[in-house]
There are 2 protein chains.
Amino acid sequence: MSGAFDGFDLKILRVLQENAALTNQEIGEKIGLSASQLSRRRQKLEQDGVIRRYRASLDPDALGLGVTAYVGVTLGAHSRENARRFREMVTTMPEVQEAHTLTGDVDYMLKVVVKDLKALGRIINDELLPHDAVQNVRSSIAMETLKDDNLLPL
Amino acid sequence: MSGAFDGFDLKILRVLQENAALTNQEIGEKIGLSASQLSRRRQKLEQDGVIRRYRASLDPDALGLGVTAYVGVTLGAHSRENARRFREMVTTMPEVQEAHTLTGDVDYMLKVVVKDLKALGRIINDELLPHDAVQNVRSSIAMETLKDDNLLPL
DNA sequence: AGTGAAAAACAATGGCG
DNA sequence: CGCCATTGTTTTTCACT
């Protein structure tokens, strides 16, 4: 485990999570480091797993994905097998962007992105509710998204 | 302005949102297109805003960010000015990864990532609750994250 | 719209302060 | 550990089908 990042590493990470299209040269100019050093430090951060991957962030609206919803799911029978199968299902559903187990009265919280409300209904009624383990589903639709950058606070 | 994507564009987007580190050559081999075409189509997708940006996805745990929470916020006085100032605040808070207005009994839902529970408490008690517009705050902590890829279903 | 090859830009590596 | 110079890749552009 590579414990400590120094200030440079942190700056590199800050820049890269906001804009991974910048060249090592450009990042180096921003933070006062040479391009070759950027290259080396980047490789290390990638190998250490601090940088997990690079991805293109797409515009949902441009792709006809107009509805974001948070779906709270309560399981009925809390058997280990039921829970396992539920988790298996949600992790493989492409419309589910995030899935967490939460403290409080709801067992799972899903973030779901779909084309329209009809598609949301289909997910809830045809996929979630029929599942043996699921007792209750409650969805809230995002009317407006103020922020959705998923940038970690560094 | 961005009319229709053909099958190639869709394939490019699918690959790029999963792994933007692949070269045009590699993507081209996957989907049956030359590197030069990849370059041209990518530039168009970027200009059209379908690809919003490229980012590095970082490991929260490796950066000491152990706590993800969903914070539901209910506003008290629903004046236009109050709402505006609240939105201004949450959009500029680095710990807030996502912020949406929701249907249902909660006005805003925030996804918050912080170092520990103490930091979460500080956000809630020192930033959110003291705000004039805020009437009530209710947070749920993510005990386990099953999925967090934020990949759009294409 | 598509390809392939040349030119330009970039990342990665080895040597040196 | 840091920077500079060289080498190998990758992207981009151009000529052409």
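Note on naming: letters A, B, ... go to the chains in the order of the sequence lines (proteins, then strands), and numbering restarts at 1 for each one.
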Rounded to whole angstroms, how far apart are [atom1] on [X] and [atom2] on [N]?
| X | N | atom1 | atom2 | value |
| --- | --- | --- | --- | --- |
| B/F8 | C/dT3 | CZ | P | 7 Å |
| A/Q47 | C/dA11 | CD | P | 17 Å |
| A/L38 | C/dT13 | CG | P | 15 Å |
| B/R41 | D/dT12 | CZ | P | 15 Å |
| B/Q25 | C/dA9 | CD | P | 21 Å |

Next on the checklist: Suppose we call a contact any N or O donor and acceptor under 3.5 Å apart; does that hold for the side chain of A/S36 and the base of D/dC4?
Outcome noted: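 Indeed there is one.
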[X] vs [N]: side-chain N/O to OP1/OP2 distance below 4.0 Å:
| X | N | value |
| --- | --- | --- |
| B/Q43 | D/dT13 | yes |
| A/S39 | C/dA11 | no |
| A/R42 | C/dA12 | no |
| A/R40 | C/dA11 | no |
| B/Q37 | D/dT12 | no |

Next on the checklist: Are more than 12 heavy atoms, taken from residues, nucleotides or ligands other than A/R138, located less than 6.0 Å from that residue's CZ atom?
Outcome noted: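 Open.
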Item to check | B/T23, nearest nucleotide to its side chain (from C/dT3, D/dG2, D/dT11) | outcome: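 That would be D/dT11.
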Next on the checklist: Looking only at the side chain of A/N24 (C-beta and beyond, no hydrogens), which of the listed nucleotides C/dA12, D/dT12, C/dA1 gets closest?
Outcome noted: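 Looking only at heavy atoms from C-beta outward on A/N24, the closest nucleotide is C/dA12.
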Next on the checklist: Does A/L33 reach a base, just sugar-phosphate, or nothing at all? Heavy atoms under 4.0 Å.
Outcome noted: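 Sugar-phosphate contact only - A/L33 comes under 4.0 Å of backbone atoms but never of a base.
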Checklist entry - Using a distance-only test with no angle check, is there a side-chain donor-acceptor pair under 3.5 angstrom linking B/Q47 and B/Q43? => result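 Looking only at side-chain atoms, B/Q43 and B/Q47 do not form any donor-acceptor pair under 3.5 Å.
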Next on the checklist: Consider side chain to side chain contact (heavy atoms under 4.5 Å, CB included). Of A/I123, A/I124, A/V73, which one does A/L129 pass it with?
Outcome noted: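 When A/I123, A/I124, A/V73 are each tested with A/L129, the side chain to side chain contact (heavy atoms under 4.5 Å, CB included) holds only for A/I124.
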Item to check | Check: B/F86 ring centre within less than 6.0 Å of B/Y108 ring centre | outcome: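 Judged by ring-centre distance (under 6.0 Å), B/F86 and B/Y108 do meet the cut-off.
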